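Below: the structure, in structure tokens.
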Amino acid sequence: MAKRKPEAEAGNRPQKQAKGQGQKQNGKGGANASPAAAAAAKPAAAAPAAARMAFSTALAGPKPAAAGAAAGAGSAAAASGVFKNKEKVLILSTRGVTYRYRHLMEDVVSLLPHSKKESKLDTKSDRGVINEVADLKNCTSVLFFEVRKKQDLYLWLAKSPEGPSVKFHVANVHTMAEVKLSGNHLKGSRPVLSFDAAFDDQPHYQLVKEMLTQTFATPKKHHKAKPFFDHVLSFTIADNRVWVRNYQLVVPPDKKKTDPDNASLVEVGPRFCLNPIKIFAGSFGGATLYDNPDYVSPNAVRSAIKRKAAGKYGSKVAARDRRTEHVAAHPLPRNPLDSIFKGEEGEEEEGDDAGSE
């Protein structure tokens with residue numbers, strides 16, 4: 001059996017063949033070959049060697065000079081302002097979430113192709129575990145749906161692991177399956193974020209706007225995102241709350257050229273309202289940067305409703321007691337005619353007793 005040649009000889013074989021082909025071409029050309037043709041033949045012969053050198057360099061790693069050149073190119077790209085968005089959003093909830101809030105979370109997941117969904121969190125007190133989960137999933141933002149008493153929904157919007165974080169109370173929840181709106185857009189398409197001008201009036205709204213932008217804006221050229229825009233996410237401030245709406249961008253089919261004046265918006269869903277409670281400097285905690293003075297907890301609202309119902313019953317009992325006291329303090333005068341019939345009845349009763357004897 002013939003022995004295998006070493007890898008070095010196998011690697012030099014294309015170079016020998018290239019040299020042989022170059023000599024044959026030079027021999028055929030002879031003296032009639034022009035200097036330009038000869039000069040063109042030399043780079044063609046050196047091309048396989050250059051490709052082989054590039055391939056071997058890629059396997060063995062760049063030389064120190066090449067590494068320095070690459071570092072210089074990277075610094076030049078950084079100086080030119082090239083930025084690649086690697087934003088990822090972690091979405092999870094607590095145990096005890098109701099069906100409506102779970103459907104809302106699923107709708108938010110469908111709107112964010114760059115999100116990663118995690119299983120339900122067992123604890124409601126130790127929220128620092130969420131930062132560890134976000135680190136394992138390589139996520140920089142967190143949407144945490146916290147449900148209390150199976151009826152109150154709180155949404156945590158946090159930047160992991162250093163913060164800041166915002167705690168919202170979610171109200172007026174309507175999912176896509178519930179409202180049954182006529183709008184529809186492609187899943188995974190990038191949204192156009194529309195913010196109310198009131199976000200620029202106060203500092204805490206400016207911070208909320210920046211966090212919403214980094215969370216809901218799908219990164220460009222994401223592998224799960226579609227490379228075009230066909231829906232609009234609207235964030236509007238009214239009554240010191242953030243109202244979220246999702247609209248489809250509809251273009252008339254008879255128009256050959258897209259014109260913003262001809263396009264219309266059709267609501268898709270979901271729709272919900274975010275009432276900011278507190279803004280913290282850290283992720284799920286830390287120093288309080290903002291505290292909403294107009295916020296009233298749902299427990300206080302339910303307690304006020306119960307007190308009002310209890311007060312209504314108490315007023316009825318008090319009115320009945322006052323009536324009883326009034327009747328006892330002001331008895332009616334005695335009617336003299338009342339004793340007439342009572343006397344006759346007494347006499348008949350006496351006659352009956354005598355006959356029996």
Side-chain angles (χ1 to χ4, degrees), residues 87-179 187-188 191 208 211-218 222 224 233 235 241-246 268-280 282-286 292 295 297-299 301-302:
E87 188 79 24
K88 295 180 183 178
V89 183
L90 177 67
I91 300 178
L92 72 163
S93 67
T94 58
R95 292 201 174 274
V97 61
T98 60
Y99 70 95
R100 174 174 291 183
Y101 298 150
R102 185 177 67 253
H103 291 173
L104 175 64
M105 185 177 65
E106 295 291 343
D107 294 342
V108 174
V109 170
S110 64
L111 289 177
L112 303 178
H114 60 292
S115 63
K116 291 188 176 182
K117 186 179 176 183
E118 183 61 22
S119 58
K120 298 177 183 178
L121 190 67
D122 292 330
T123 178
K124 295 183 180 179
S125 58
D126 187 11
R127 301 187 186 93
V129 181
I130 303 177
N131 293 325
E132 299 179 3
V133 177
D135 188 17
L136 293 175
K137 296 288 185 178
N138 294 327
C139 295
T140 57
S141 300
V142 179
L143 284 175
F144 177 51
F145 292 81
E146 183 181 1
V147 182
R148 295 283 183 176
K149 297 183 178 180
K150 294 187 178 181
Q151 54 184 343
D152 301 330
L153 176 61
Y154 298 93
L155 176 62
W156 286 83
L157 175 60
K159 300 296 294 183
S160 179
E162 298 181 356
S165 57
V166 188
K167 183 180 181 181
F168 298 99
H169 175 242
V170 185
N172 299 328
V173 175
H174 299 280
T175 61
M176 288 185 183
E178 180 183 4
V179 293
K187 183 177 181 180
V208 171
M211 296 184 68
L212 291 174
T213 302
Q214 295 183 16
T215 303
F216 286 91
T218 304
H222 192 271
K224 290 185 179 180
L233 278 176
F235 301 93
R241 292 173 172 84
V242 180
W243 301 80
V244 183
R245 297 290 184 269
N246 183 26
V268 181
R271 52 166 68 171
F272 52 94
C273 174
L274 301 177
N275 187 10
I277 303 175
K278 285 186 178 183
I279 300 178
F280 300 97
S283 180
F284 299 99
N292 189 1
Y295 171 73
S297 65
N299 292 330
V301 174
R302 287 190 291 266

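Model, not experiment: these values are computed from the prediction.
- Taking CG from L104 and OH from Y99, the interatomic distance works out to 13.0 Å, rounded to the nearest 0.5 Å.
- One distance of note links CZ of R127 with OG of S165; it measures 9.5 Å at 0.5 Å rounding.
- Under the 3.5 Å distance criterion, the side-chain polar atoms of H114 are matched with a main-chain donor or acceptor of T215.
- Counting non-hydrogen atoms of other residues, nucleotides and ligands closer than 6.0 Å to NZ of K137 gives a total of 12 or fewer.
- Nearest heavy atoms, T98 versus K150: CG2-O, 3.2 Å.
- Using a 4.5 Å heavy-atom cutoff, the side chains of V142 and V89 are not in contact.
- The line from CG of N246 to OG of S110 is 8.5 Å long, rounded to the nearest 0.5 Å.
- In terms of the side chain to side chain contact (heavy atoms under 4.5 Å, CB included) criterion, residue partners of P298 (sequence neighbours excluded) are, by chain and number, D152, Y154, H169, Y295, R302.
- Between S119 and L92, the closest heavy-atom pair is O-CB, 4.0 Å.
- In this structure, S115 contributes its side chain and L90 its backbone to no donor-acceptor pair below 3.5 Å.
- Panel note: side chain N292, backbone I277; no donor-acceptor pair is recorded below 3.5 Å.
- Note that the CG atom of D126 and the CG atom of D122 stand 11.5 Å from one another [nearest 0.5 Å].
- Side-chain contact, K149 with N299: a donor N or O sits under 3.5 Å from an acceptor N or O.
- Ring planes of W156 and F280: parallel class, angle under 30° (limits at 30 and 60°).
- Using a 4.0 Å cut-off between a side-chain N of Lys or Arg and a carboxylate O of Asp or Glu, R148 and E146 qualify as a salt bridge.
- Between M211 and L157 the shortest heavy-atom distance is CE-O, 3.3 Å.
- For the pair L153/V97, no side-chain contact is recorded, criterion being any heavy-atom separation below 4.5 Å from C-beta on.
- Here the side chains of I91 and M105 are in contact, with some heavy-atom distance below 4.5 Å.
- A salt bridge is defined here as a Lys NZ or Arg NE, NH1 or NH2 lying under 4.0 Å from an Asp or Glu carboxylate O, and K159 with E87 meets this definition.
- With 3.5 Å as the limit, one finds a donor-acceptor pair spanning the side chains of N131 and S283.
- Counting heavy atoms from C-beta outward, L111 and F216 have side chains that stay 4.5 Å or more apart.
- Taking both residues in full, the closest heavy atoms of M176 and P270 are given as CE-CD, 3.6 Å, listed atom of the first, atom of the second, then distance.
- Side-chain contact check for V173 versus Y101: some heavy-atom pair is nearer than 4.5 Å.
- Put simply, CD on Q214 and OG on S141 are 6.5 Å apart, with the number rounded to the nearest 0.5 Å.
- Taking CZ of R271 as the start and CG of D107 as the end, the distance is 12.5 Å to the nearest 0.5 Å.
- For the pair R95/L121, no side-chain contact is recorded, criterion being any heavy-atom separation below 4.5 Å from C-beta on.
- Listed by chain and residue number, N172, R241, W243 satisfy the side chain to side chain contact (heavy atoms under 4.5 Å, CB included) test with C273 (two or more places apart in sequence, or in another chain).
- The side-chain heavy atoms of F145 and V170, taken from C-beta on, include no pair separated by under 4.5 Å.
- Here the side chain of N275 pairs no donor or acceptor atom with the backbone of F168 at under 3.5 angstrom.
- In this structure, R100 and E178 have side chains that are in contact, with non-hydrogen atoms separated by less than 4.5 Å.
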